[in-house]
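Notes to accompany the following structure.
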Amino acid sequence: MEDRIKHLTDWLQKKVEEAGADGLLVGVSGGIDSAVVSYLIKRAFPDDSLGVILPINKEVEDQEDALKAVEGCGLDYVGINLTSSYKTTYETIQEQLKEKGDWHEDKSQLGGANLQARLRMSTLYAVANNYNYLVVGTDNAAEDYTGYFTKYGDGGVDLVPLIHMRKEEVREMAEALDVPDSIVHKKPSAELWEGQTDEDELGISYDTIDAYLRGESIDPEDEKRLKQLHERTEHKRQIPAGPDKYEGD
């Protein structure tokens, strides 16, 4: 795992050099993927890396796991509360569509969640522009295969170092990097809304997805579900640069 960490660290340094950038930043949610990326970019650029904490409907100081992640690896960070920006934008959209008679309440929860992700993306790029940094994403192989990310939201990044790593491998890397246990073992959630979890939203467990990505046989219904998710989200798997597959795979 140390070799794989070095492989990704070297790749991040190479991509920054190729882009003529000065460093890297990542949006830190408090989940395991963004924590691992936080530790990686700190290794790659000890003095030119930044974590960005972007709460909506919460305060920066309430993001305990996000703060644990940046403090655990000594990553410089900035907290920007987007609650007001989000509410103003979505309320304006809602008002105008209601006035037009085209507002669909049944689609509002997901629409709001996707807007939050895209607002965070725009904010990350505004901050990155200030520092001349590249934006590093947190998607792993399971999320990439199933399309479990918001197009031009958390999927709108420059680099995706974890793209070939199954969830179990991200967990192994987190342990090797000494990411706090509370982050490593927490239930994965994109925090789209209160009580939301990734596995409930996907309708399948990460363990099952990992088994499938390892080439193992899984329940036929689960396999059907995975293939449907993959086909339906093909349009999302574009643009961000990923490293070559690690030789140890």
Side-chain angles (χ1 to χ4, degrees), residues 1-17 21-54 60 63-79 120 124 128 131 133-144 148-149 154 157-191 198 206-207 209-210 213-214 240-249:
M1 188 53 72
E2 278 297 330
D3 287 342
R4 190 165 198 172
I5 290 168
K6 185 179 186 306
H7 168 75
L8 293 179
T9 302
D10 290 347
W11 178 78
L12 288 167
Q13 292 169 339
K14 177 185 175 185
K15 298 307 288 185
V16 166
E17 181 181 356
D22 294 325
L24 300 166
L25 66 73
V26 62
V28 186
S29 66
I32 189 171
D33 302 300
S34 68
V36 166
V37 171
S38 295
Y39 279 64
L40 288 174
I41 69 171
K42 177 64 178 181
R43 283 198 178 202
F45 292 93
D47 301 318
D48 293 293
S49 51
L50 185 72
V52 187
I53 302 174
L54 301 169
V60 173
Q63 304 292 93
E64 294 181 7
D65 285 332
L67 291 168
K68 280 183 186 177
V70 294
E71 290 167 1
C73 62
L75 182 66
D76 186 22
Y77 75 93
V78 60
R120 289 185 172 115
L124 288 176
Y131 290 94
Y133 284 0
L134 296 181
V135 178
V136 186
T138 65
D139 289 337
N140 57 53
E143 291 165 341
D144 181 62
Y148 191 65
F149 56 89
D154 51 319
V157 295
D158 297 310
L159 307 172
V160 278
L162 308 184
I163 202 69
H164 299 308
M165 296 178 64
R166 299 183 300 274
K167 196 72 172 181
E168 62 189 355
E169 294 174 306
V170 175
R171 197 173 296 114
E172 289 170 16
M173 183 169 284
E175 291 172 345
L177 289 166
D178 290 326
V179 172
D181 285 345
S182 61
I183 297 174
V184 174
H185 300 294
K186 73 188 292 188
K187 204 171 186 67
S189 172
E191 298 185 351
D198 292 359
Y206 276 116
D207 286 345
I209 300 170
D210 282 349
L213 294 177
R214 288 195 301 268
D244 294 336
K245 291 198 76 172
Y246 178 61
E247 290 180 354
D249 282 351

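Predicted, not measured: the structure shown is a model, and the values here were computed from it. Reckoned from all heavy atoms, side chains included, excluding hydrogens, waters and symmetry mates.
- Looking at residues two or more places apart in sequence or on another chain, you find a salt bridge (Lys or Arg N to Asp or Glu O under 4.0 Å) between E2 and R43.
- K42 pairs in a side chain to side chain contact (heavy atoms under 4.5 Å, CB included) with only one of the listed residues (V70, L75, L24), which is L75.
- Taking the side chain to side chain donor-acceptor pair (under 3.5 Å) definition, one finds that D22 meets it with N132, sequence neighbours left out.
- Here D33 pairs with N140, K167 under the side chain to side chain donor-acceptor pair (under 3.5 Å) rule; sequence neighbours left out.
- Residues passing the salt bridge (Lys or Arg N to Asp or Glu O under 4.0 Å) test with R166, sequence neighbours excluded: E168, E169.
- The main-chain N or O of L54 is found under 3.5 Å from a side-chain atom of R120 such that the two form a donor-acceptor pair.
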- Take D154 and E143, measure what side-chain contact (heavy atoms from CB on, under 4.5 Å) needs, and give me the verdict at the end. CA-CA 11 Å; D154 51 319; E143 291 165 341; over 6 Å; no
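- Side-chain contact between D244 and W11: absent, with no pair of heavy atoms (C-beta onward) separated by less than 4.5 Å.
- Side-chain contact between M165 and V36: absent, with no pair of heavy atoms (C-beta onward) separated by less than 4.5 Å.
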- Step-by-step side-chain contact (heavy atoms from CB on, under 4.5 Å) determination, D210 to R214: CA-CA 6 Å; D210 282 349; R214 288 195 301 268; 3.8 Å; yes
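- You'll find the side chain of L40 stays beyond 4.5 Å of the side chain of V136, heavy atoms only.
- Partners of D139 by salt bridge (Lys or Arg N to Asp or Glu O under 4.0 Å), not counting sequence neighbours: none found.
- Residues satisfying the ring-ring contact (aromatic ring centres under 6.0 Å, His included) test with Y39, not counting sequence neighbours, are none.
- Of the candidates V16, V37, I41, D76, I41 is the only one forming a side chain to side chain contact (heavy atoms under 4.5 Å, CB included) with S49.
- In terms of the side chain to side chain contact (heavy atoms under 4.5 Å, CB included) criterion, residue partners of A141 (sequence neighbours excluded) are, by chain and number, L213.
- Heavy-atom minimum distance, V28 versus S38: CG2-OG, 3.5 Å.
- With sequence neighbours excluded, the residues satisfying side chain to side chain donor-acceptor pair (under 3.5 Å) with S34 are S29.
- Applying the salt bridge (Lys or Arg N to Asp or Glu O under 4.0 Å) criterion to D10, with sequence neighbours excluded, gives K6.
- Taking D65 as the reference, K68, S182, I183, K186 meet the side chain to side chain contact (heavy atoms under 4.5 Å, CB included) condition, with sequence neighbours excluded.
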